[in-house]
*Asks:* 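Pasting in a structure now, in structure tokens, and then I'll have a few things to ask.
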Amino acid sequence: MKKSINILIFKTLNGNSYFYDAYTGGIYPMDDIMQDTLVYIREGYEKKEILNELNKRYEDSVLVEGAVKYIFKLVSMGGIVASENHSGHLTCREAYQNVIEYGGMFQLILNLTENCNMRCKYCYLSTVYEFSRNRTYNKMSFETAKKSMDNFFASIAKIKKTIPGKKCAITFYGGEILMEKTLLKDCIEYAKENAPADVIFSITTNGTLLDQEIADYLVDNNVYIGVSLDGNKVNHDRNRVFTNGNGSFDIVVKNLKDFSKRHSGYNNISILMVNDFKTNLKDNLIFFEENKDLPRISFMTMVADYNTDYYKQFTQDDIERYAKDYYDLLSDYVRKRSENKYIEKYLIALFEMPMTETMIRPRINDDRPDFLRYTGACIPGSKVSVRATGELDMCERVNPNFSIGQYDRWLDYNKIAHIVNDFTSAVTEDCWKCPLNKKCPICFAQCCKDGAFENYNCSGLINSFIEKLSTMYSVLENNRSAYDDLVAPIELLLNN
């Protein structure tokens with residue numbers, strides 16, 4: 001049986017070495033003797049052979065024995081060494097249906113319109129992305145929305161028989177969702193009257209149509225509101241433009257500030273940010289410090305890099321300037337957090353919030369079903385995205401070649417089983433030996449092509465994970481009390 005050493009070694013800015021163990025989730029100090037021990041284990045040496053080899057190389061036999069004993073203790077606890085274990089458990093319809101119908105389903109996504117009043121240059125629902133559906137004038141009928149909710153509620157009611165405290169979520173998406181305000185309200189009212197469980201409502205909007213009337217309604221119904229804003233005027237208007245090419249910054253910021261004045265105590269509104277290599281991070285830092293009356297930033301990411309040639313537009317100078325600004329700010333962040341100094345909320349969003357990926361290890365990732373053991377992919381059917389035309393998808397970001405049913409007939413478990421089997425065969429063959437196999441963010445959307453799946457290059461994800469570990473431990477070495485500050489974004493995430 002093949003074996004692999006599933007660890008990641010990283011260094012802090014102080015020069016100290018640690019390793020992250022994929023299977024236990026533990027992080028341990030690392031020295032040269034321990035590192036050599038791991039090399040010998042990878043090469044198949046037994047414990048006595050390792051001790052003999054190390055005692056030839058190091059004078060202090062006590063240190064050698066202690067290091068080897070320490071490593072083998074971790075191995076005996078189930079850590080460090082991974083044995084070949086493919087996710088080749090093909091699923092049948094019945095096995096899959098049991099997982100979904102007895103607790104797995106939790107979210108319904110209603111794409112009320114495929115139309116939008118903007119033409120953002122990185123929109124994944126455009127020709128920028130090769131296989132995604134493009135904007136259309138399709139609008140969901142209330143009957144389609146109603147039937148979709150009926151089927152969703154029936155599934156949730158069944159789950160509540162075994163999980164009485166079950167809650168569910170309904171997310172409204174577009175296109176631009178606020179182009180269909182009446183339909184949005186009708187759906188929320190119907191759900192309030194007919195849902196068998198507490199419902200968490202949320203929308204994602206470009207913010208240009210967030211007027212006082214709809215804002216009041218969303219607040220009255222405790223809807224979570226995500227508004228796209230890419231920073232200051234130059235950064236935002238470079239990509240987020242109306243159909244006539246004009247930027248949307250002025251109207252979005254006005255609407256957000258009007259919202260904050262009218263609903264100053266409402267915490268369920270936040271800013272969603274997207275960066276690329278022309279984003280001026282330092283200018284954005286200044287902008288948010290000068291506009292503290294804007295909602296908090298809850299999400300910041302780079303433009304998606306799969307199925308697109310979007311990044312071909314950037315020069316090497318663009319990339320180097322972005323990297324310099326990023327690492328300048330990272331150094332500034334580490335210094336301030338290490339010294340317990342004031343840290344701008346923008347830096348927290350840029351650096352600390354992504355650290356939640358390294359600090360949170362969902363228990364579900366240790367007990368995923370055999371048919372989808374690896375990657376961070378949602379189990380298809382745990383959330384159901386309904387297109388304006390009524391087809392069902394795994395999520396709103398998966399291209400339209402992977403439908404999993406129809407709104408009126410609901411989930412097609414044969415289709416779902418086929419999709420999952422194709423995905424595991426194409427993508428997860430080597431996941432057993434990856435040090436991120438319990439923390440993997442890869443999902444169906446990143447790997448789906450024109451009716452087939454293709455493996456994803458994980459090297460960038462691994463390097464990013466190592467950088468986050470290095471940043472986090474660089475801070476903690478200098479300021480142990482900073483741990484409470486580092487977990488604060490996690491608590492905010494879990495409580496909201």
Side-chain angles (χ1 to χ4, degrees), residues 93 96-116 125 133 135-161 163 166-205 217-218 221 223-224 378-419 444:
R93 179 186 189 280
Y96 199 91
Q97 190 169 352
N98 284 338
V99 171
I100 296 301
E101 293 188 351
Y102 290 94
M105 186 177 292
F106 70 91
Q107 184 181 18
L108 177 69
I109 302 167
L110 294 176
N111 296 272
L112 299 187
T113 177
E114 294 179 356
N115 196 7
C116 186
L125 298 178
R133 61 178 173 86
R135 305 176 195 89
T136 72
Y137 292 103
N138 291 331
K139 167 189 170 182
M140 184 178 288
S141 69
F142 179 65
E143 287 305 312
T144 298
K146 177 179 176 294
K147 183 63 176 177
S148 300
M149 286 188 280
D150 288 342
N151 284 326
F152 177 64
F153 292 153
S155 299
I156 296 299
K158 184 175 182 179
I159 294 172
K160 276 184 67 75
K161 292 179 181 179
I163 308 176
K166 179 75 175 183
K167 294 183 179 181
C168 60
I170 298 180
T171 298
F172 299 98
Y173 216 80
E176 171 46 44
I177 192 65
L178 295 185
M179 293 179 72
E180 299 296 338
K181 294 175 184 176
T182 299
L183 180 57
L184 171 64
K185 292 178 184 178
D186 289 344
C187 290
I188 290 176
E189 295 304 316
Y190 184 82
K192 286 161 57 179
E193 294 173 5
N194 294 277
D198 292 341
V199 182
I200 300 169
F201 296 111
S202 63
I203 68 166
T204 298
T205 173
Y217 179 83
L218 296 173
N221 287 277
V223 177
Y224 287 76
C378 297
I379 298 173
S382 59
K383 60 180 182 179
V384 179
S385 179
V386 187
R387 298 181 213 167
T389 51
E391 292 90 348
L392 306 185
D393 294 310
M394 293 177 279
C395 83
E396 73 281 3
R397 299 191 72 91
V398 171
N399 77 51
N401 295 303
F402 298 90
S403 171
I404 59 172
Q406 289 284 332
Y407 78 98
D408 51 350
R409 298 190 295 273
W410 208 225
L411 297 177
D412 185 330
Y413 287 104
N414 289 322
K415 278 188 174 181
I416 292 175
H418 180 74
I419 288 170
F444 289 98

*Asks:* Rounded to the nearest 0.5 Å, what's the gap from OG1 on Thr113 to CG on Leu178? Could you check?
*Replies:* 11.0 Å

*Asks:* Would you say NZ of Lys139 has more than 12 non-hydrogen atoms from neighbouring residues, nucleotides or ligands within 6.0 angstrom?
*Replies:* no

*Asks:* Can you measure from CE (Met149) to OG1 (Thr144) and round to the nearest 0.5 angstrom?
*Replies:* 10.5 Å

*Asks:* Cut-off 3.5 Å, side chains only: do Thr389 and Glu391 have a donor facing an acceptor?
*Replies:* yes

*Asks:* Would you say the side-chain atoms of Thr205 and Glu176 include a donor-acceptor pair closer than 3.5 Å?
*Replies:* yes

*Asks:* Would you confirm whether Lys166, through its side chain, and Pro196, through its main-chain N or O, come within 3.5 Å as a donor-acceptor pair?
*Replies:* no

*Asks:* Taking the side chain as everything from C-beta on, heavy atoms only, tell me whether Phe402 gets closer than 4.5 Å to Pro380.
*Replies:* no

*Asks:* Hey, is the main chain of Asn401 close enough, under 3.5 Å, to the side chain of Asn399 for a donor-acceptor pair?
*Replies:* yes

*Asks:* Give the ring-plane orientation class for Tyr190 versus Phe142, where under 30° counts as parallel, over 60° as perpendicular and anything between as tilted.
*Replies:* perpendicular

*Asks:* So do the side chains of Ile177 and Thr204 get within less than 4.5 Å of each other, counting heavy atoms only?
*Replies:* no

*Asks:* Drop me the distance from Ile203's CD1 to Leu110's CG, to the nearest 0.5 angstrom.
*Replies:* 13.0 Å

*Asks:* Would you check, one step at a time, whether the test side chain to side chain contact (heavy atoms under 4.5 Å, CB included) holds for Leu218 with Leu184?
*Replies:* CA-CA 10 Å; Leu218 296 173; Leu184 171 64; 4.3 Å; yes

*Asks:* With side chain to side chain contact (heavy atoms under 4.5 Å, CB included) as the criterion, how do Asn194 and Lys146 come out once you've worked through the C-alpha distance, each side chain's angles and the decisive distance to 0.1 Å?
*Replies:* CA-CA 10 Å; Asn194 294 277; Lys146 177 179 176 294; over 6 Å; no

*Asks:* Step by step, would you call Glu189 with Lys192 a salt bridge (Lys or Arg N to Asp or Glu O under 4.0 Å)?
*Replies:* CA-CA 5 Å; Glu189 295 304 316; Lys192 286 161 57 179; 3.3 Å; yes

*Asks:* Let me know which of Asp393, Thr136, Asn111 forms a side-chain hydrogen bond (donor to acceptor under 3.5 Å, both in side chains) with Arg387.
*Replies:* Asp393

*Asks:* Is there a side-chain contact between Trp410 and Val384 (heavy atoms, below 4.5 Å)?
*Replies:* yes

*Asks:* I need the Asn115 CG to Met179 CE distance, nearest 0.5 Å.
*Replies:* 4.0 Å

*Asks:* Would you indicate whether the side-chain heavy atoms of Phe172 and Leu183 approach each other to under 4.5 Å?
*Replies:* no

*Asks:* Start with the C-alpha distance between Tyr173 and Ser385, add both sets of side-chain angles, then the distance that settles side chain to side chain contact (heavy atoms under 4.5 Å, CB included), and finish with yes or no.
*Replies:* CA-CA 9 Å; Tyr173 216 80; Ser385 179; over 6 Å; no

*Asks:* Might you point out which heavy atoms bring Asp408 and Lys147 nearest each other, and give the distance in Å?
*Replies:* O-CE, 3.7 Å

*Asks:* For the CE atom of Met394 and the SG atom of Cys378, what is their distance to the nearest 0.5 Å?
*Replies:* 10.0 Å

*Asks:* How close do Ser148 and Tyr407 get, heavy atom to heavy atom, and via which atoms?
*Replies:* OG-CB, 3.3 Å

*Asks:* What heavy-atom pair brings Ser155 and Met105 nearest, and what distance separates the two atoms?
*Replies:* CB-SD, 3.4 Å

*Asks:* Taking atom CZ of Phe152 and atom CG of Leu392, what is their separation to the nearest 0.5 Å?
*Replies:* 12.0 Å

*Asks:* Kindly indicate, with the supporting measurements, whether the criterion side chain to side chain contact (heavy atoms under 4.5 Å, CB included) is fulfilled by Phe444 and Ile419.
*Replies:* CA-CA 9 Å; Phe444 289 98; Ile419 288 170; 4.2 Å; yes

